[in-house]
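Beneath this line is the structure, given in structure tokens, with notes to follow.
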Amino acid sequence: MKKTVSMTVNGFPYELEVEPRRTLLEVLREQIGLTGTKRGCDRGDCGACTVIIDGNPVASCLTLAIEVHGKNVTTIEGLARDGHLHPIQRAFVDHGAIQCGFCTPGMIMSATALLTRNPNPTDEEIREGLSGNLCRCGGYNRIMEAITAVRDPGMTKSE
Amino acid sequence: MNLIRRLPPFEYLTPATVEEACKILDRRKGKAKVLAGGTDLLVQMKQRKVVPECLVSLKNIPGLDQIQVQEGEGVRIGALVTHQTLAASPIIKEKFTCLAEACRKIASPQIRSIATIGGNLCNGNPSADSAPALLALDARISKEARHSLSDDPLWGFFVEPFQANLRPDHVVTQIFLRFLPERSASSYQYLTKRTAVDETLVGAAAAVTLDRRGLCREVGIGLCSVGPVPFLAVKAEEVLKGKKLDAAAIEKAAQTAAGETSPRSRADYRREMTAVVVSRALTKCWQEIAGRYSNHQ
């Protein structure tokens, strides 16, 4: 039996009719149509489904949509402003941190949550903040470069 | 193969009190399950290992997600407090260090922000990191059922792998930790596999209280992943009680702890590594207390 859920996604209010068994991941992708958030393992191990709820990085595949009632959700689609990429998105592009792109939204959401909470993390803290995101292409080095570049703006890249 | 499917359908209830929750669990006779964070239960349901007709969410019950300080006594940690909250809490980091360290180890940031201390304990995983920390800190666990309230030492909660001492109509409501006396410290040390979400291979928590002469007044050593359930290395604790805490005593306790293990897999490695992590945990406690009191004599 469906329940009514109100949630804000990327600043927009939504009122949805949702079965209790629907995860936030399913609702974002299939009901709202925001397919930037990916289904990887669907069991909380890979981080591809990471979104931000009230400032916290969260596995949307293990979150029931009905339990997001009244909350603020940010997905990868919510980062760019007026067609301008968010600095973290820009850094991923500039540093070649995107290969197949599947892990990218999750990586960027985890990085965003981390840097919002702590704008000046140590390298170790960055690794810990991203420890729940797997990259099957093995792109970790450039992902790390991209995030440290955002942390240290003005440092020139050594090529 | 553990095939992951979409969740099966279920009825979803949000009682406003623990009493109401217990009533529902009692009436549904095993066909209803408690939903805390959901990071264990929902995976089990996706695998069809568990298919409850009804989920009883505790989310609307006030107070279950709070850490309450009882001045001069200890802290009450509600069953729904997340691991992230515990890992970041100033009072837990300062007064119950091994618990903050253990909670920080669990899974990943995206799981820690959802998964709860209560839910994790109820899952009964032999490698649950929070368990050795709580055991070393002499935690008590409170449960409620329709016609009963109980408050027991945590060590009685772990019975069999993935089977906590918890009947289907009972709800865990909180963990209580009493403040450690002066000259105390605790530490959680572990070895793990490659990635963050991998299980702990060997986990050891130590909580030590010394007297003014440097003798062990109280000591708790909790272990995970080296037996069917998390447990206290009581023989290792006995080795230290009333003795001066030094490198030799630590080594003896560490070897004793290793002898108390019964690992199911990689047994030789885990047994040997138990001594290593117990030694690290005890040494950390010793250094912490020494560092704090070196200037006060």
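Naming: A, B, ... by sequence-line order, numbering from 1 per chain. Computed from a predicted model, the values in this text were never measured in an experiment.
Heavy atoms of S110(A) lying under 4.5 Å from chain B belong exclusively to its side chain. Only the side chain of E26(A) comes within contact range of chain B, with heavy atoms under 4.5 Å apart. When heavy atoms are compared at a cutoff of 4.5 Å, R127(A) does not approach chain B at all. Within the 4.5 angstrom heavy-atom criterion, only backbone atoms of R5(B) (N, CA, C, O) approach chain A. Residue E11(B) does not touch chain A at all, counting heavy-atom pairs closer than 4.5 Å. Residue contact with chain B, scored on non-hydrogen atoms closer than 4.5 Å, involves the backbone and the side chain of C61(A) alike. For L35(B), the part sitting under 4.5 Å from any heavy atom of chain A is the side chain, from C-beta outward, and nothing else.
For NZ of K46(B), the number of neighbouring non-hydrogen atoms (other residues, nucleotides, ligands) closer than 6.0 Å is greater than 12. Environment of CD in E17(A): crowded, with over 12 heavy atoms of neighbouring residues, nucleotides or ligands closer than 6.0 Å. For NZ of K284(B), the number of neighbouring non-hydrogen atoms (other residues, nucleotides, ligands) closer than 6.0 Å is 12 at most. Residue-environment remark: CZ (R142(A)) stays at or below the threshold of 12 foreign heavy atoms within 6.0 Å. N141(A) CG: 12 or fewer foreign heavy atoms inside a 6.0 Å radius. Annotation: R136(A), atom CZ; neighbour count of heavy atoms from other residues, nucleotides and ligands within 6.0 Å does not exceed 12. Heavy-atom neighbours of K105(B) NZ from other residues, nucleotides or ligands within 6.0 Å: above the threshold of 12.
E30(A) and R6(B) are joined by a salt bridge, as a carboxylate oxygen and a charged side-chain nitrogen come within less than 4.0 angstrom of each other.
Side chain of S108(B) to backbone of S131(A): no donor-acceptor contact under 3.5 angstrom is found. In this structure, the side chain of K59(B) does not engage the main chain of E67(A) through any donor-acceptor pair within 3.5 Å.
The shortest heavy-atom contact between G129(A) and P109(B) is O-CG, 3.6 Å. Taking both residues in full, the closest heavy atoms of P20(A) and F10(B) are given as O-CZ, 3.5 Å, listed atom of the first, atom of the second, then distance. The nearest pair of heavy atoms linking R43(A) to V43(B) is O-CG2, 3.7 Å.
If you tally non-hydrogen atom pairs under 4.5 Å between each of R104(B), R112(B), Q47(B) and chain A, the highest count goes to R104(B). The candidate from T23(A), T50(A), V58(A) with the greatest count of non-hydrogen atom pairs under 4.5 Å with chain B is V58(A). Heavy-atom pairs under 4.5 Å with chain B were tallied for G44(A), A59(A), G106(A); the largest tally goes to A59(A).
Under the 4.5 Å side-chain criterion, counting only non-hydrogen atoms from C-beta, L7(B) is not in contact with R22(A). Here the side chains of R21(A) and M45(B) are not in contact, with every heavy-atom distance at 4.5 Å or above. I111(B) has its side chain out of reach of D45(A): every pair of non-hydrogen atoms, C-beta onward, lies at least 4.5 Å apart.
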- Message: With side chain to side chain donor-acceptor pair (under 3.5 Å) as the criterion, how do Q110(B) and N56(A) come out once you've worked through the C-alpha distance, each side chain's angles and the decisive distance to 0.1 Å?
- Response: CA-CA 8 Å; Q110(B) 302 89 317; N56(A) 289 318; over 6 Å; no

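Of the inter-residue distances, the one linking L55(B) atom CG with I66(A) atom CD1 reads 8.5 Å to the nearest 0.5 angstrom.
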